[in-house]
Amino acid sequence: ELDLSSVESIKVINNTSLSITGEINNKKTNQIKGQQYFFDFVFGKEATYNVNTEFKGGVGEYLYKNVLGSKTTTITQSQLDAIEELILDSEEDNISYTSFPNMDKFTNLKTFEVEGSTATSLNLSNNTKLEKVYIKKCSKLTSISVYKQTLKSYYLEYSPITSLDISDYPNLEYFGTKNNSSLTKISINNCPKLDHLVSYNNFALQSISGTNSFANVSICELYNNSNLVFVPLTSMPNLNYLNFHGNPLSTLDISKCSKLRYLEVNVEVGTLNLSNNPALLHAVYDEDGLVSVVGGYDVYMVGSGEYKDV
């Protein structure tokens, strides 16, 4: 009898000796694609990699516990080729991810997500199908390399990194950072498809700058960056949504953002000129901190809880 209680979904069943009916539900192995290879894991066919020696630091143990099960500790390259998403969570998996060797063996990896690792470096520069990278709560991770040509989404949270150079990502659409207490500078260059930019609670962050990257940004969420003094808003002509709450700038130049429809600003902004924003539908601010608003728009005043024509 084959126990599939730990399998959430079977994408492809390709084994003539098995007949499977009914629904298979669980949280594990939903990141494993090309499930014809899953049966190779179960039956322990000839393998070329020992996951506990060649994938040290937790990744091998993850494969062993959550993919291979107790049947085998080895894995073939074809089995690694089947993996499109690798999601590693130290707390959930009860594994300490201390390093990430041989990541290039995951030749078809599209999504990599890690949370709670103590690794100091991560090299995904040879993963040529990579589209999404999410890094969370990796307290010692100071060196990150990713394959740039295919990456579409990049997110970094709770890291010790002090500066980020995001340059030459031709397909990057989303870039986000949150709760990175040591991060002081973000430089974004030659990312022409960037559409969504996020920075939350990066208290040391002073500037977001760069070239050839902001023309197509439509959503900009810059919330509670208490030292942020420079943002290239004048280079965002297609900006549609701007949340600029909790930042120290006393003036906000959105004169080039003619397509802006939603705006939220904080108490530090003293004067807000909306005369060059004809598409604006909704603006939110704290009436106690805003000195004046120029422009004939309905503005929701947080302090009063009422709409007011200005």
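- To the nearest 0.5 Å, the span separating NZ on Lys152 from CG on Leu172 amounts to 11.0 Å.
- In this structure, Gln77 and Thr107 approach most closely via the heavy-atom pair NE2-CG2, 3.9 Å.
- Note on Tyr223 and Tyr174: same hydrophobic cluster, where clusters join Ile, Leu, Val, Met, Phe, Trp and Tyr whose side-chain heavy atoms are under 4.5 Å apart, directly or indirectly.
- Side-chain contact between Phe214 and Leu197: present, with at least one pair of heavy atoms (C-beta onward) separated by less than 4.5 Å.
- Tyr169 is listed as a side-chain neighbour of Tyr154, based on a closest heavy-atom distance under 4.5 Å.
- Heavy-atom minimum distance, Ala279 versus Ser258: CB-O, 3.6 Å.
- For the pair Ser182 and Ala204, the tightest heavy-atom approach, listed with the atom from each and the gap, is C-CB, 4.3 Å.
- Remark: side-chain polar atoms of Ser199 are not paired, donor with acceptor, to backbone N or O of Thr177 under 3.5 angstrom.
- Here Asp195 contributes atom CG and Ser153 contributes atom OG; the two are 11.0 Å apart, rounded to the nearest 0.5 Å.
- No side-chain donor-acceptor contact under 3.5 Å links Asn202 to the backbone of Leu205.
- Between Ile188 and Leu164, the closest side-chain pair of non-hydrogen atoms is not below 4.5 Å.
- Both Ile135 and Phe100 are members of a single hydrophobic cluster when ILVMFWY side chains are connected at heavy-atom separations under 4.5 Å.
- Remark: His196 NE2 to Ile219 CD1 distance equals 4.5 Å, nearest 0.5 Å.
- Contact between Asn201 and Asn225 at its shortest, heavy atoms only, is N-OD1, 3.8 Å.
- For the pair Pro170/Gln149, a side-chain contact is recorded, criterion being any heavy-atom separation below 4.5 Å from C-beta on.
- A single hydrophobic cluster is not seen to contain both Tyr134 and Leu88; linkage of ILVMFWY side chains at heavy-atom distances under 4.5 Å, directly or through other members, places them apart.
- A donor-acceptor pair under 3.5 Å links the side-chain atoms of Ser117 to the main chain of Ala119, judged by distance alone.
- Placement of Phe106 and Ile144 within a single hydrophobic cluster is found when ILVMFWY residues are connected by side-chain heavy-atom separations under 4.5 Å, directly or transitively.
- Interatomic distance, Ile254 CD1 to Asn277 CG, rounded to the nearest 0.5 Å: 4.0 Å.
- Annotation: the span from Leu183 atom CG to Ser159 atom OG amounts to 7.0 Å, rounded to 0.5 Å.
- Remark: Leu151 CG to Glu173 CD distance equals 10.0 Å, nearest 0.5 Å.
- Phe175 places none of its side-chain heavy atoms less than 4.5 Å from the side chain of Ile208.
- A distance-only check finds a donor-acceptor pair linking the side chain of Asn108 to the backbone of Asp81 [under 3.5 Å].
- Between Glu113 and Lys132 there is no salt bridge, since no side-chain nitrogen of the basic residue lies less than 4.0 Å from a carboxylate oxygen of the acidic one.
- Of the possible donor and acceptor atoms, one in the side chain of Asn189 sits under 3.5 Å from a partner among the backbone N and O of Thr211.
- A donor-acceptor pair under 3.5 Å links the side-chain atoms of Ser213 to the main chain of Asn190, judged by distance alone.
- Smallest separation of non-hydrogen atoms from Ile95 and Gly58: CG2-CA, 3.6 Å.
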Show your reasoning for whether side chain to side chain contact (heavy atoms under 4.5 Å, CB included) applies to Phe112 and Leu122.
-> CA-CA 11 Å; Phe112 179 79; Leu122 172 64; 3.7 Å; yes
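- Partner Ser125 forms a side chain to side chain donor-acceptor pair (under 3.5 Å) with one of Asn123, Asn127, Thr128 and no other, that one being Asn123.
- Pairing each heavy atom of Asp93 with each of Tyr97, the nearest pair is OD2-OH, 2.7 Å.
- Ile166 places a side-chain heavy atom less than 4.5 Å from the side chain of Cys191.
- Between the side chain of Asn180 and the backbone N or O of Tyr158, at least one donor-acceptor pair lies under 3.5 Å.
- Counting non-hydrogen atoms of neighbouring residues, nucleotides and ligands closer than 6.0 angstrom, the NZ atom of Lys148 exceeds 12 such neighbours.
- Distance alone, capped at 3.5 Å, places no donor-acceptor pair between the Asn179 side chain and the Glu157 backbone.
- Under the 3.5 Å distance criterion, the side-chain polar atoms of Asn227 are matched with a main-chain donor or acceptor of Phe203.
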Quiz: residues 230-242 side-chain donor-acceptor pairs under 3.5 angstrom, not counting sequence neighbours:
| unit_1 | atom_1 | unit_2 | atom_2 | d |
| --- | --- | --- | --- | --- |
| Asn238 | OD1 | Lys259 | NZ | 2.7 |
| Asn238 | ND2 | Ala215 | O | 2.8 |

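- A salt bridge is defined here as a Lys NZ or Arg NE, NH1 or NH2 lying under 4.0 Å from an Asp or Glu carboxylate O, and Lys137 with Glu115 meets this definition.
- Using a 4.5 Å heavy-atom threshold, the side chains of Leu281 and Tyr262 count as separate.
- The shortest distance between side-chain heavy atoms of Leu80 and Leu109 does not fall below 4.5 Å.
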